[in-house]
Colleague: 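Please see the structure below; I have some questions.
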Amino acid sequence: MPKEITKSYYSISEVAQITGIEEPTLRFWEKEIPQLNPPRTKGNTRRYRQEDIDIITQIKFLTQTCLYSLEGVRQCLNSNSAKVANITKAANHLLKARQELLAIRRELNEISALREEMIIESKQNENENPL
């Protein structure tokens, strides 16, 4: 899931870390998806902006979750970019909520296991020290 962005520009390695997409894939997507076109420095270094990272997040959602081909992604971003952005944001919120719920479930399981251990120890102590 994308992290909060606080800088104006990011390197390709930072974007790869933020989005979970490998650098060669990002370069490939730039060639295939016209909407993804980060500006470059005079030295030809990519400088990704927040809007580029948003597009990458949308491409990732469409290819990995919706199983779109890159042609489908191009068409979708051309015709429904606002709708795709909203769906992507909603899906990311749901994913985050799911991760939080799974973390809560793990904590509850740990608490339950500790409770069971305490009950077993309590019964053992009662058997060892009858009144």
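Note that the structure is predicted; figures quoted are calculated from it, not measured.
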Colleague: Given 3.5 Å as the limit, does a donor-acceptor pair link the side chain of Ser122 with the main chain of Met118, or not?
Modeller: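 The answer is no, because no donor-acceptor pair under 3.5 Å joins these two groups.
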Colleague: Tell me, do Lys123 and Ile119 make a side-chain contact under 4.5 Å, heavy atoms counted?
Modeller: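 Side chain of Lys123 against side chain of Ile119, heavy atoms only: contact under 4.5 Å found.
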Colleague: Do you reckon Ile21 sits in the same ILVMFWY cluster as Tyr9, going by side-chain contacts under 4.5 Å, direct or chained?
Modeller: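 Looking at the clustering, Tyr9 is in a separate group from Ile21.
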Colleague: So, is the end of the Lys7 side chain (NZ or CZ) under 6.0 Å from the ring centre of Tyr10 and within 45° of the ring's axis?
Modeller: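 Pair Lys7/Tyr10 counts as cation-pi.
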Colleague: How close do Pro38 and Arg47 get, heavy atom to heavy atom, and via which atoms?
Modeller: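 Minimum heavy-atom contact is CB-O, 3.9 Å.
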Colleague: Honestly curious: do Leu70 and Phe61 fall in one hydrophobic cluster under the side-chain, below-4.5 Å linking rule?
Modeller: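 Cluster IDs for Leu70 and Phe61 match.
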Colleague: Ignoring hydrogens and angles, tell me if any N or O in the side chain of Ser112 forms a donor-acceptor pair with the backbone of Leu108 under 3.5 Å.
Modeller: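 Flag not set: sc Ser112 to bb Leu108 has no pair under 3.5 Å.
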Colleague: Ion pair present between Glu23 and Arg27, side-chain N to carboxylate O less than 4.0 angstrom?
Modeller: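 Yes, charged N to carboxylate O under 4.0 Å.
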Colleague: Would you say Arg40 has more than 12 foreign heavy atoms packed within less than 6.0 Å of its CZ?
Modeller: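 Yes, because the 6.0 Å sphere around CZ of Arg40 holds more than 12 heavy atoms from other groups.
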Colleague: Ignoring hydrogens and angles, tell me if any N or O in the side chain of Glu14 forms a donor-acceptor pair with the backbone of Ser11 under 3.5 Å.
Modeller: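 Side chain of Glu14 to backbone of Ser11: a pair is present.
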Colleague: Contact between Leu102 and Arg105 at the side-chain level, heavy atoms closer than 4.5 Å - yes or no?
Modeller: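 Result yes, sub-4.5 Å side-chain heavy-atom pair found.
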Colleague: Step by step, work out the side chain to side chain contact (heavy atoms under 4.5 Å, CB included) result for Val15 and Asp52.
Modeller: CA-CA 9 Å; Val15 172; Asp52 300 311; over 6 Å; no
Colleague: Kindly indicate, with the supporting measurements, whether the criterion side chain to side chain contact (heavy atoms under 4.5 Å, CB included) is fulfilled by Ile59 and Leu77.
Modeller: CA-CA 9 Å; Ile59 296 168; Leu77 291 177; 4.1 Å; yes
Colleague: Are Glu22 and Phe28 close enough that some pair of their side-chain heavy atoms sits under 4.5 Å apart?
Modeller: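 Contact flag for Glu22/Phe28 side chains = no.
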Colleague: Which of these, Thr19, Ile12, Ile55, sits in a side chain to side chain contact (heavy atoms under 4.5 Å, CB included) with Tyr48?
Modeller: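 Per the side chain to side chain contact (heavy atoms under 4.5 Å, CB included) rule, the option paired with Tyr48 is Ile12, out of Thr19, Ile12, Ile55.
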Colleague: What's the separation between atom CG in Leu67 and atom CG in Leu62, rounded to the nearest 0.5 Å?
Modeller: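 Taking CG in Leu67 and CG in Leu62, the distance rounds to 10.5 Å.
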Colleague: How far does OG1 of Thr25 sit from CD of Glu32, to the nearest 0.5 angstrom?
Modeller: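 Rounded to the nearest 0.5 Å, the OG1-CD separation comes out at 12.0 Å.
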Colleague: Determine whether Arg49 and Ser8 make a side-chain contact, defined as any pair of heavy atoms from C-beta on separated by less than 4.5 Å.
Modeller: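 A side-chain contact is absent here, since even the closest heavy-atom pair is not under 4.5 Å.
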Colleague: In Å, rounded to the nearest 0.5 Å, how long is the span from OG1 of Thr57 to CD1 of Ile18?
Modeller: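 Separation between the atoms: 9.0 Å.
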Colleague: The test is side chain to side chain donor-acceptor pair (under 3.5 Å); show your working for Gln50 and Asp54 and say whether it passes.
Modeller: CA-CA 6 Å; Gln50 178 61 50; Asp54 292 344; 2.6 Å; yes
Colleague: Check whether any side-chain heavy atom of Arg46 lies under 4.5 Å from a side-chain heavy atom of Glu30, and answer yes or no.
Modeller: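 Side-chain contact under 4.5 Å: yes.
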Colleague: Please round to the nearest 0.5 Å and tell me the distance separating atom SG of Cys66 and atom CD of Gln58.
Modeller: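 Rounded to the nearest 0.5 Å, the SG-CD separation comes to 11.5 Å.
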Colleague: Please report the interatomic distance CD1(Ile53) to CG(Leu26), rounded to the nearest 0.5 Å.
Modeller: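 Interatomic distance, Ile53 CD1 to Leu26 CG, rounded to 0.5 Å: 9.5 Å.
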Colleague: With no hydrogens and no angle check, is any side-chain donor or acceptor of Thr41 less than 3.5 Å from a backbone partner on Thr45?
Modeller: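 It does hold such a pair.
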Colleague: Should Arg74 and Glu71 count as an ion pair when the cut-off is N to O under 4.0 Å?
Modeller: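 A salt bridge links Arg74 with Glu71.
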